[in-house]
Amino acid sequence: MNISDIRRRLAAHEPRILPTTAFEASVAMVLRPSAAGAEALFIERSKKPWDPWSGQMAFPGGRHDDTDRDLRHTAERETVEEVGLSLDGTRLVGRLDDQTGQRAGQGRQLRIAAFVYELAAGTGNDLVLNYEVAEALWVPLVWFEDPARVIDYRHPPYPEVSFPGVVVGDPERHIVWGLTFRFLAAFFEILDRRFPAER
């Protein structure tokens, strides 16, 4: 999976933009080329008892502030704040379909946008994590096509329900599921590639 193919596919994609809501957020899917093909930046969110997304794997991002120019600016501001990575001057290669979620477990509908950026090879290594981030990982996208990495994930607060997930590191901690999984499903659909891989 190479960056040039991703760039071409995203350029031809017309993202589904959902209606504006009272509560909005956005994330940055940051890509870079590597020897293993394109890889993406993921963060493990710090564990906080009041945060329903505590400890989860995600793309850098967060809630839209009134001072943000737009949702793209939100994604870029949050990326700087969370991992110290400035996306100013970085190639924006596309936008994924908007997703919906619940705002901080309060039952309020949230619209989430995702913007895809491309870094140059070898950049993005000197990340500076803030208190919201426990760890940052660069993950080859081909891992999501490896059936051995696909699991049925049970989120501890709701152990009776299983969710599809993909292991990208420590199998006790680094599992992509939920909202980030849905964004990846939309991304792989644009690329016309199966996601998740069949076990």
Side-chain angles (χ1 to χ4, degrees), residues 1-16 26-45 53 55-61 72 75-76 78-79 82-83 85-87 90-99 101 112-127 129 133-153 163-199:
M1 187 180 304
N2 60 65
I3 290 284
S4 59
D5 185 48
I6 293 171
R7 194 186 305 133
R8 178 176 57 83
R9 294 273 186 168
L10 284 172
H13 176 66
E14 185 66 34
R16 178 191 63 176
S26 63
V27 299
M29 182 180 187
V30 183
L31 307 177
R32 69 178 184 183
S34 75
E39 56 186 14
L41 177 63
F42 291 84
I43 61 171
E44 177 192 10
R45 297 205 168 277
W53 295 302
Q56 293 186 22
M57 297 300 295
F59 296 127
R72 174 180 172 180
E76 295 176 359
E78 287 281 348
T79 300
E82 292 182 341
V83 298
L85 178 62
S86 174
L87 297 173
T90 301
R91 183 198 293 258
L92 175 69
V93 293
R95 179 173 177 172
L96 303 180
D97 294 346
D98 289 354
Q99 302 291 331
I112 309 106
F115 298 88
V116 184
Y117 298 85
E118 176 189 345
L119 296 185
T123 60
N125 292 319
D126 300 325
L127 302 177
L129 312 184
V133 180
E135 193 171 352
L137 296 82
W138 285 100
V139 177
L141 292 176
V142 294
W143 285 11
F144 294 97
E145 299 180 298
D146 179 0
R149 293 182 175 275
V150 181
I151 65 168
D152 292 321
Y153 175 70
F163 302 88
V166 177
V167 177
V168 296
D170 183 336
E172 298 297 321
R173 295 169 49 196
H174 303 141
I175 300 167
V176 176
W177 69 285
L179 173 65
T180 305
F181 187 96
R182 286 189 280 136
F183 272 127
L184 282 167
F187 174 76
F188 274 77
E189 183 177 358
I190 294 167
L191 298 186
D192 196 24
R193 300 178 77 120
R194 183 182 296 277
F195 177 84
E198 292 183 344
R199 284 173 290 179

Between CG of L141 and CG of L184, what distance do you get to the nearest 0.5 Å?
7.5 Å
Looking only at heavy atoms, which two atoms of A75 and T79 are closest? And how far apart?
O-OG1, 2.7 Å
Derivation of the side-chain contact (heavy atoms from CB on, under 4.5 Å) call for F115 and L87
CA-CA 11 Å; F115 298 88; L87 297 173; over 6 Å; no
What closest approach, in Å, do V176 and F181 show between heavy atoms, and which atom pair accounts for it?
O-CD1, 3.7 Å
side-chain contact (heavy atoms from CB on, under 4.5 Å), that's the test. Do L41 and L85 meet it? Break it down for me.
CA-CA 11 Å; L41 177 63; L85 178 62; 4.2 Å; yes
Kindly indicate, with the supporting measurements, whether the criterion side-chain contact (heavy atoms from CB on, under 4.5 Å) is fulfilled by Y117 and R72.
CA-CA 11 Å; Y117 298 85; R72 174 180 172 180; 3.4 Å; yes
In Å and rounded to the nearest 0.5 Å, what is the CD1 to CZ distance from I175 to R149?
11.5 Å
Working to the nearest 0.5 Å, report the span between CZ of F188 and CE of M1.
4.0 Å
Does E82 use its side chain to pair, donor to acceptor, with the backbone of G61 at less than 3.5 Å?
yes
For a 4.5 angstrom cut-off between non-hydrogen side-chain atoms, does D192 reach R9?
yes
Parallel, tilted or perpendicular: ring planes of Y153 versus W177, cut at 30 and 60 degrees
tilted
Take atom CD of E135 as the centre, draw a 6.0 Å sphere, and report whether it contains more than 12 heavy atoms from other residues, nucleotides or ligands.
yes
What are the two closest heavy atoms between A38 and I6, and how far apart are they?
CB-CD1, 3.7 Å
Kindly state each residue pair satisfying salt bridge (Lys or Arg N to Asp or Glu O under 4.0 Å) with at least one member in residues 29-41, sequence neighbours excluded.
R32-E39
How would you list, by chain and number, every residue that makes a side chain to side chain contact (heavy atoms under 4.5 Å, CB included) with L129, sequence neighbours excluded?
V83, L127, V133, A136
Testing H13, R16, R182 one by one against D97 for a side-chain hydrogen bond (donor to acceptor under 3.5 Å, both in side chains), which residue passes?
H13
Do you know which two heavy atoms are closest between I112 and F183, and how far apart they sit?
O-CZ, 3.6 Å
Do you know which two heavy atoms are closest between L92 and V116, and how far apart they sit?
CD1-O, 3.3 Å
So, do V30 and F59 sit near enough that their side-chain heavy atoms are less than 4.5 Å apart?
no
Under the criterion side-chain contact (heavy atoms from CB on, under 4.5 Å), I'd like the reasoning laid out for M57 against T180: C-alpha separation, chi angles, the key distance, then a yes or no.
CA-CA 8 Å; M57 297 300 295; T180 305; 6.0 Å; no
What is the distance from atom CG of L96 to atom CD1 of I190, rounded to the nearest 0.5 Å?
5.0 Å
If you measure from NE2 on H174 to CD on E44, what distance do you get to the nearest 0.5 Å?
4.0 Å
Please find the pair of heavy atoms, one from A113 and one from R95, that lie closest to each other, and give the distance.
CB-NH2, 3.4 Å
Check whether W138 reaches the backbone of G124 with its side chain - one donor and one acceptor, N or O, closer than 3.5 Å.
yes
Got a sec: does the CG of N125 have more than 12 other heavy atoms crowding it under 6.0 Å?
yes
Give, for atom CE of M29 and atom CG of L10, the distance between the pair rounded to the nearest 0.5 Å.
8.5 Å
